[in-house]
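Read through the structure below, which is laid out as structure tokens, and then see the notes.
Numbering of residues begins at 1 and proceeds along the displayed sequence. Worth knowing before you read on, the calculation uses all heavy atoms, side chains too, and leaves out hydrogens, waters and symmetry mates.
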Amino acid sequence: QLRLVESGGGLVQSGGSLRLSCAASGFGLDNYAIGWFRQVPGKEREGVSCMRSLDGNTFYADSVKGRFTISRDKAKNTVYLQMNSLKPEDTAVYYCAGRLYYCSDYVAQKFAYWGQGTQVTVSS
């Protein structure tokens, strides 16, 4: 089955940048949508971004538009989330997740495959 492993989290100052990686194995990503989610204690898991590999269409939450960019490296079978101009409110555990074909109905319950999560902490 599809397996996903996140990496790249860490501690960064406000205004800084991080790039998260989601490495896939088991299957190629051509027929999957890959989403990035984040969660903080006491809050629902929030959809951040999604890429539909069938056509490369991308989607972003309003809170990150203009700051975050999702991309895919086909040769490495890896999806990235470039995060710029980070804010303390971006602090969360970030997860990548997969589902077949579509980003539509972009909620956590629709994504069957999950990575283990990586902590992003943005200091003031």
Next item on the list: For Y95 and E6, run side chain to side chain contact (heavy atoms under 4.5 Å, CB included): C-alpha distance rounded to whole Å, both residues' side-chain angles, the deciding distance at 0.1 Å, then the answer.
Entry: CA-CA 7 Å; Y95 300 87; E6 304 99 332; 3.7 Å; yes
Checklist line | Working for side chain to side chain contact (heavy atoms under 4.5 Å, CB included), residues V40 and T91 | finding: CA-CA 8 Å; V40 298; T91 295; 5.7 Å; no
Margin query: Run the side chain to side chain contact (heavy atoms under 4.5 Å, CB included) test on V5 and Q116 for me, step by step, so that the C-alpha distance in whole Å, both residues' side-chain angles and the decisive distance to 0.1 Å come before the verdict.
Written below: CA-CA 6 Å; V5 178; Q116 82 287 353; 3.8 Å; yes
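Checking side-chain atoms of Q1 against main-chain N and O of G26 turns up no donor-acceptor pair under 3.5 Å.
The structure places OH of Y113 at 13.5 Å from SG of C22, a figure rounded to the nearest 0.5 Å. Rounded to the nearest 0.5 Å, atoms CE (M51) and OG1 (T69) are 9.5 Å apart. With rounding to the nearest 0.5 angstrom, the OG atom of S104 is 11.5 Å from the CG atom of N57. Taking CH2 of W114 as the reference point, atom CG of L2 lies at 12.5 Å (rounded to 0.5 Å).
Residues satisfying the salt bridge (Lys or Arg N to Asp or Glu O under 4.0 Å) test with K110, not counting sequence neighbours, are D105.
In this structure, L54 and Y101 approach most closely via the heavy-atom pair CD1-CD2, 3.6 Å.
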Side-chain donor-acceptor distances from residues 32-39 under 3.5 Å, at least two apart:
residue, atom, partner, partner atom, Å
R38, NE, E46, OE1, 3.0
R38, NH1, D90, OD1, 2.9
R38, NH1, Y94, OH, 2.9
Q39, OE1, R45, NE, 3.1
Q39, OE1, R45, NH2, 2.9
Q39, NE2, K43, O, 3.3

Going by atom type alone, with no hydrogens or angles, which donor-acceptor pairs under 3.5 Å involve a side-chain atom of residues 70-82 and a protein atom two or more places apart or on another chain?
residue, atom, partner, partner atom, Å
R72, NH1, D30, OD1, 3.4
R72, NH2, D30, OD1, 2.4
D73, OD1, A75, N, 3.1
D73, OD1, K76, N, 3.3
N77, OD1, L29, N, 3.1
N77, ND2, A24, O, 3.2
N77, ND2, F27, O, 3.1
T78, OG1, K76, O, 2.9
Q82, NE2, N84, OD1, 3.0

Distance-only donor-acceptor hits, side chain of residues 117-124, under 3.5 Å, sequence neighbours excluded:
residue, atom, partner, partner atom, Å
T118, OG1, G9, N, 3.2
Q119, NE2, A92, O, 3.4
Q119, NE2, T121, OG1, 3.3

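Applying the disulfide (SG to SG under 2.5 Å) rule to pairs touching residues 24-75 yields C50-C103, sequence neighbours excluded. The ring pair (Phe, Tyr, Trp, His ring centres under 6.0 Å) pairs that include a residue from residues 57-76 number zero, where partners must be two or more places apart or lie in different chains.
The hydrophobic clustering, which links ILVMFWY residues whose side-chain heavy atoms are closer than 4.5 Å, places F111 and L4 apart.
With a 6.0 Å radius and a threshold of 12 heavy atoms from other residues, nucleotides or ligands, E89 has its CD atom above the threshold.
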